[in-house]
Visitor: 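Below you will find the structure I want to go over with you.
Lettering of chains follows the sequences in order, A, B, ..., and the numbering in each one begins at 1. Just the heavy atoms: all of them, side chains too, but no hydrogens, waters or symmetry mates, feed the values below.
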There are 2 protein chains.
Amino acid sequence: MTSQSKFTVSCQQCGLNELCLPNSLTIDEMDEVDRVVKRGKPLQRGEFLYSTGEDFSSIYAVRSGSIKVFTIDDEGEEQVIGFYLPGELLGMDAIDSRLHMSTAKSMETSSVCEIPFDSIEDLSTSIRNLQMHMYKLLSREIRIDQELQMLLAKKTAEERIGAFLMNLSMRYEQRRLSSTRFRLPMARSDIGNYLGLAVETVSRIFTRMQTMGVLRVEGKEVEILDRQSLCNIAHVRDEEI
Amino acid sequence: MTSQSKFTVSCQQCGLNELCLPNSLTIDEMDEVDRVVKRGKPLQRGEFLYSTGEDFSSIYAVRSGSIKVFTIDDEGEEQVIGFYLPGELLGMDAIDSRLHMSTAKSMETSSVCEIPFDSIEDLSTSIRNLQMHMYKLLSREIRIDQELQMLLAKKTAEERIGAFLMNLSMRYEQRRLSSTRFRLPMARSDIGNYLGLAVETVSRIFTRMQTMGVLRVEGKEVEILDRQSLCNIAHVRDEEI
DNA sequence: CGCTCTCTTTGACGCAGGTCAAAGAATCGA
DNA sequence: TCGATTCTTTGACCTGCGTCAAAGAGAGCG
């Protein structure tokens, strides 16, 4: 594993900086940001990044691995809110209340950059691009949530899973990974929970899509065999490549 | 109607400023904000504030009335994203793309303050509280969306409607209006659309709650007769009064 | 004031997907 | 390497809510 060498990589050297930082920072500005970022030791599968009720002090950028975020409802049931891949930021839902209302759990060995929110506040008054970047990140998060709302309110199980897979595919592609063959870091039960479906339904639809020749599924490994069909099922235009 | 006199009310005089502005602005700072706010003429029922595809330039604060925000999906169907009451801000989902991806429509005669986003960007670098306020507003929007996600993913029709009514009740209370008797500004079909239910289901559950003695419904007028039962149905702790 | 259009309610019926049960398959710790 | 635990799949059955249909009830307009 090279995670030890990545461990101290600066933002300038990090291949993901175009995903989590604004694209037009000067060298000096990026240094300033770099100086406040804390790079902790990797999280093992199942470890928590933060938990419900804890004080909020930082937001986090995933460097490698993947993180699941969920809340606990009144009956003590998990409700998955999102899955975060390398280059994505999480923890921003706690800015308002200054308290984490959700829990972030590592789904595999993951490394994460911690960015104290106070520092972001300070820097974003002096670095105009950083302020805009924060506004955009928050705004994008809202739009992502809204899209999920539409999925949950209106779509059939098949459409939800189709859209979910297309979404993952596009996110992997952005990260220069294969958009047609990837490993699902989360359990079927997490997918079901996230999409408002029973595990059994997720499983059945995976098998059905395999039978239709759209997908090849082998445990957590997925291969998209017929992207166009998947787009049709998901009712997604395949323009955003 | 006194909307003509309210029409030119400054932020200082506006009874809603504690809802839409940070609470610790100096007089001077509030003047600065006040100077960039545009107060247009009231929107009639059915008029649009912005539409999908338009350029984004401002966010909006509802002064009176109520606004429905929705997207149009691939089949041309409306998907209601939210309802906005006086003191609430909308339009922030377009910051990222600089394009409105949703449409805002007035559900009754409403007046709205327009706040150019460029001005907010400028002011929020100099007014620290304003920057923080924006971060908080955006963060809160994310949390509200996440709560709706949980509702849509896991809850029964009865729970959804219970939670919806409790939510409205609390928002009216914040606005110093009755929390037990209010008028629903939206049609049953909008409620159903928002909550992922058929109109018929909404209607049936209203009648059922009336039969149980929890509600009294008369057209758009609603009276909550048994708040505790409604909380139980919605699985909401009634602490936030 | 009456006509039209939209909104709401109610009933009957069917199905997508939930629940229960149980048998593999995979992962993990010692 | 082996048992234990957790995850996944499949089948059978059932139910909450969607759909269809139709009758009121309002609301807006000429």
Visitor: Under a 4.0 Å threshold between the charged nitrogen and the carboxylate oxygen, would A:K155 count as salt-bridged to B:D74?
Guide: yes

Visitor: The criterion is ring pair (Phe, Tyr, Trp, His ring centres under 6.0 Å); which residues satisfy it with B:F182, sequence neighbours excluded?
Guide: B:Y172

Visitor: Determine to 10° how strongly the helix from C:dC1-D:dG30 to C:dA30-D:dT1 is bent, judged from the axes of its five-pair ends.
Guide: 60°

Visitor: Could you give the CZ-to-C1' distance, from A:R183 to C:dT27, as a whole number of Å?
Guide: 11 Å

Visitor: Would A:Y60 and A:Y84 count as a ring-ring contact (aromatic ring centres under 6.0 Å, His included) here? Give the steps.
Guide: CA-CA 10 Å; A:Y60 302 90; A:Y84 293 84; over 10 Å; no

Visitor: For B:P86 versus B:G65, what's the shortest heavy-atom pair and its separation?
Guide: CD-O, 3.2 Å

Visitor: Starting at CD of B:E218 and ending at C1' of C:dC7, how long is that distance when rounded to a whole Å?
Guide: 16 Å

Visitor: Between atom CZ in B:R208 and atom C1' in D:dG16, what is the gap in whole Å?
Guide: 9 Å

Visitor: Looking at residues 147-158 of chain A, who's got a heavy atom less than 4.0 Å off DNA chain C?
Guide: A:T156, A:A157

Visitor: Which pairs pass salt bridge (charged side-chain N to carboxylate O under 4.0 Å, His left out) with one or both residues in residues 157-168 of chain A, sequence neighbours excluded?
Guide: A:E158-A:R208

Visitor: Please list all pairs passing the salt bridge (charged side-chain N to carboxylate O under 4.0 Å, His left out) test where one or both residues lie in residues 188-202 of chain B, with sequence neighbours left out.
Guide: B:K68-B:D190

Visitor: Hey, are B:R183 and B:E221 close enough for a salt bridge, meaning a charged N less than 4.0 Å from a carboxylate O?
Guide: yes

Visitor: Rounded to the nearest angstrom, tell me the gap between atom CD1 in A:I161 and atom C1' in C:dG18.
Guide: 14 Å

Visitor: Tell me the interatomic distance from B:E221, atom CD, to C:dT8, atom P, rounded to whole angstroms.
Guide: 13 Å

Visitor: Can you name the atoms? Protein N/O to nucleotides 7-11 of chain D N/O, anything below 3.5 Å, with the distance.
Guide:
unit_1: D:dT8; atom_1: OP1; unit_2: A:R188; atom_2: N; d: 3.4
unit_1: D:dT8; atom_1: OP1; unit_2: A:K220; atom_2: NZ; d: 3.1
unit_1: D:dT8; atom_1: OP2; unit_2: A:R188; atom_2: N; d: 2.8
unit_1: D:dT9; atom_1: OP1; unit_2: A:R188; atom_2: NH2; d: 3.4
unit_1: D:dT9; atom_1: OP2; unit_2: A:R188; atom_2: NE; d: 2.9
unit_1: D:dT9; atom_1: OP2; unit_2: A:S203; atom_2: OG; d: 2.9
unit_1: D:dT9; atom_1: O5'; unit_2: A:S203; atom_2: OG; d: 3.1
unit_1: D:dT10; atom_1: OP2; unit_2: A:T207; atom_2: OG1; d: 3.0
unit_1: D:dG11; atom_1: N7; unit_2: A:R204; atom_2: NH1; d: 3.0

Visitor: Is the shortest side-chain heavy-atom distance between A:V222 and A:L168 below 4.5 Å?
Guide: no

Visitor: At 4.0 Å (heavy atoms only), tell me whether A:G46 reaches a base, stays on the sugar-phosphate, or touches nothing.
Guide: nothing

Visitor: Can we say B:E88 and B:R175 salt-bridge, meaning some charged N sits less than 4.0 Å from an Asp/Glu carboxylate O?
Guide: yes

Visitor: Are any non-hydrogen side-chain atoms of A:E147 and A:N167 less than 4.5 angstrom apart?
Guide: no

Visitor: To the nearest angstrom, how far is B:L195 atom CG from D:dG16 atom C1'?
Guide: 16 Å

Visitor: For A:T180 and A:S178, indicate whether the former's side chain and the latter's backbone hold a donor-acceptor pair under 3.5 Å.
Guide: no

